[in-house]
There are 2 protein chains.
Amino acid sequence: MAQSDTVDRILDAAEELFADRGFSETSLRMITSKAKVNLAAVNYHFGSKNALIHAVFARFLTPFSATLESAFDELEERCEGKPPTLNQTLWALTESAVRMPQRNEQGISIFMRLLGLAYTQSQGHLRKFLEQEYSEPFGRFMRLLKEATPQLSSVDRYWRIQFMLGATAFTMSSSDALRDILKNKLGVETTVQEIAARLVPFLAAGMQAEDAMLIPSPGSKVSVA
Amino acid sequence: MAQSDTVDRILDAAEELFADRGFSETSLRMITSKAKVNLAAVNYHFGSKNALIHAVFARFLTPFSATLESAFDELEERCEGKPPTLNQTLWALTESAVRMPQRNEQGISIFMRLLGLAYTQSQGHLRKFLEQEYSEPFGRFMRLLKEATPQLSSVDRYWRIQFMLGATAFTMSSSDALRDILKNKLGVETTVQEIAARLVPFLAAGMQAEDAMLIPSPGSKVSVA
DNA sequence: GTCTGTTTGAAACATACGTTTGAAGCGCAG
DNA sequence: CTGCGCTTCAAACGTATGTTTCAAACAGAC
């Protein structure tokens, strides 16, 4: 258990610290001291800090994309040729995330926060890595979204997908902080599953909104029921 | 124009670089070389890097919060005691942002991205600064949202506000890149105002969604019409 | 036991960072 | 012209970072 132990301890520590503080704000010395391994172990086993970041993502993203593929397979089979609905597609994604085998109880939380950071922090190498490693499930999700919203123009759909992405990535990337605020303010505890359960209806409703499409001109008083 | 020139050049450069790369990823040397001023000028005029970050926010947030206050005043006066609707409240915010006097044409874009970063990056000092400097307009907006959505529980409303924030900050922060993609893919040009015009209906619909609130349990097959 | 390839360890490396220093430059009142 | 704030400048400071080095420790095969 010599190598695997060190490698896993580094990955565990890095995952948690990255999720807590972001990538640039986490040093290798923090990681190695939390993992109780030698500083040089990171560069020995992974090659560089960036490669470690990639490894952290790959460790949960690879099994997740497999889970997601089979969830989409099952969904499409169940629909027998008809395109899955928007809600079904969104739930397939959410359930795949929630059902993933967890290393610990806050696995999803960390997972989501890392995904949010991947979009939010400007780490060019990370985005490139994710795009070329996981383009397939991502593209498939986009295809399903398109088939589920035939009433939308390409342009509307494009922007609304961005809105969904933003709401999700942003919320998840700060979900711990938000949960804390909520706990202090209203005394309510919240799980990631509950956040997801609130997020999906929000996204679906926004995605299918009647398009008011009123461009406000200066001086006009806009009021939409 | 000796001092003000240097100060403004630093603020301009810092604003743009922060929006592009985040706070930790932007060094004072990048800022000062872009601004064509001496490295020590930052610490001379602002005191520290953190204080510079605060100044960047204060420069646009102070006039914006004034604009917003008067927009809310006008709105509430127009409603004569009845609480403004959700759409009215959202449009008041959007119009205030769009109508702000801009330093350059992508002013709003940068503005939004910085706000997103303020939430996303774990910069404790920044959050503290914003909370104690701009609690008033923020609290007022929250109050209006609450009055416009009396059907929502506090917890639901809290999360949906986060979703709105995320969709907005994320989209606006990368709206330049997104506009480019859209132009190349579909050959369509888009203005920030049009994005806002698409965003507001999306947000309003999500905010007022029927709450399906189904927490998926393992093994269950969830499908919502 | 000895050899071999792999993994760990302590230390140093080069570089980049935010900040500080002290001298030089500048504009302007006296 | 002189003297006095304010501002700029080049240089250095101390610290922290990612990475490299090379010897020591280790495990398994023969």
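Side chains included, hydrogens not; waters and symmetry mates left out as well; all remaining heavy atoms used. So you know, we letter chains A, B, ... as the sequences are listed, proteins then strands, and number each from 1.
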In whole Å, what is the span from the [atom1] atom of [X] to the [atom2] atom of [N]?
{"X": "Glu25(B)", "N": "dT17(D)", "atom1": "CD", "atom2": "P", "answer": "14 Å"}
{"X": "Phe46(A)", "N": "dT19(D)", "atom1": "CZ", "atom2": "P", "answer": "13 Å"}
{"X": "Phe23(B)", "N": "dC17(C)", "atom1": "CZ", "atom2": "P", "answer": "17 Å"}
{"X": "Met30(A)", "N": "dT15(D)", "atom1": "CE", "atom2": "P", "answer": "17 Å"}

side-chain N/O Ser27(B) vs dA16(C) OP1/OP2, d < 4.0 Å: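 No, Ser27(B) has no side-chain N/O under 4.0 Å of OP1/OP2 on dA16(C).
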Any His45(B) side-chain N or O less than 4.0 Å from OP1/OP2 of dT8(D):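 Result: yes.
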Phe163(A) side, atom CZ; Thr168(B) side, atom OG1 - distance, nearest 0.5 Å: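 It comes to 8.0 Å.
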From Thr26(B) atom OG1 to Glu15(B) atom CD, the distance as rounded to the nearest 0.5 Å: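 Taking OG1 in Thr26(B) and CD in Glu15(B), the distance rounds to 12.5 Å.
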Salt-bridge contact Glu76(A)-Arg143(A) (side-chain N to carboxylate O under 4.0 Å):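 No, Glu76(A) and Arg143(A) are not salt-bridged.
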Electrostatic pair Arg59(A)-Asp12(A), nearest N-O below 4.0 angstrom: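 Counted as a salt bridge, because a side-chain N and a carboxylate O are separated by less than 4.0 Å.
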Exercise: do Thr62(A) and Tyr134(A) side chains pair donor with acceptor under 3.5 Å: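 Short answer, yes.
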Gln162(A) side chain to Thr171(B) side chain, donor-acceptor N/O pair below 3.5 angstrom: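 Not at all, the side chains of Gln162(A) and Thr171(B) share no donor-acceptor pair under 3.5 Å.
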Whether His125(B) and His54(B) hold their rings parallel, tilted or perpendicular, with breakpoints at 30° and 60°: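 Tilted: the ring planes of His125(B) and His54(B) meet at 30° to 60°.
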Pairing residues for Phe46(A) by the ring pair (Phe, Tyr, Trp, His ring centres under 6.0 Å) criterion, not counting sequence neighbours: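 Not a single residue meets the ring pair (Phe, Tyr, Trp, His ring centres under 6.0 Å) criterion with Phe46(A).
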DNA chain C contacts made by residues 51-61 of chain A, counting heavy atoms under 4.0 Å: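 Per residue number, the list is empty: none.
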Sugar-phosphate only, base, or nothing, as touched by Ser24(A) at under 4.0 Å among non-hydrogen atoms: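 Contact class for Ser24(A): none.
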So which protein nitrogen or oxygen atoms get under 3.5 Å of nucleotides 19-23 of chain C's nitrogens or oxygens?
residue, atom, partner, partner atom, Å
dT19(C), OP2, Asn43(B), OD1, 3.4
dT19(C), OP2, Lys49(B), N, 2.9

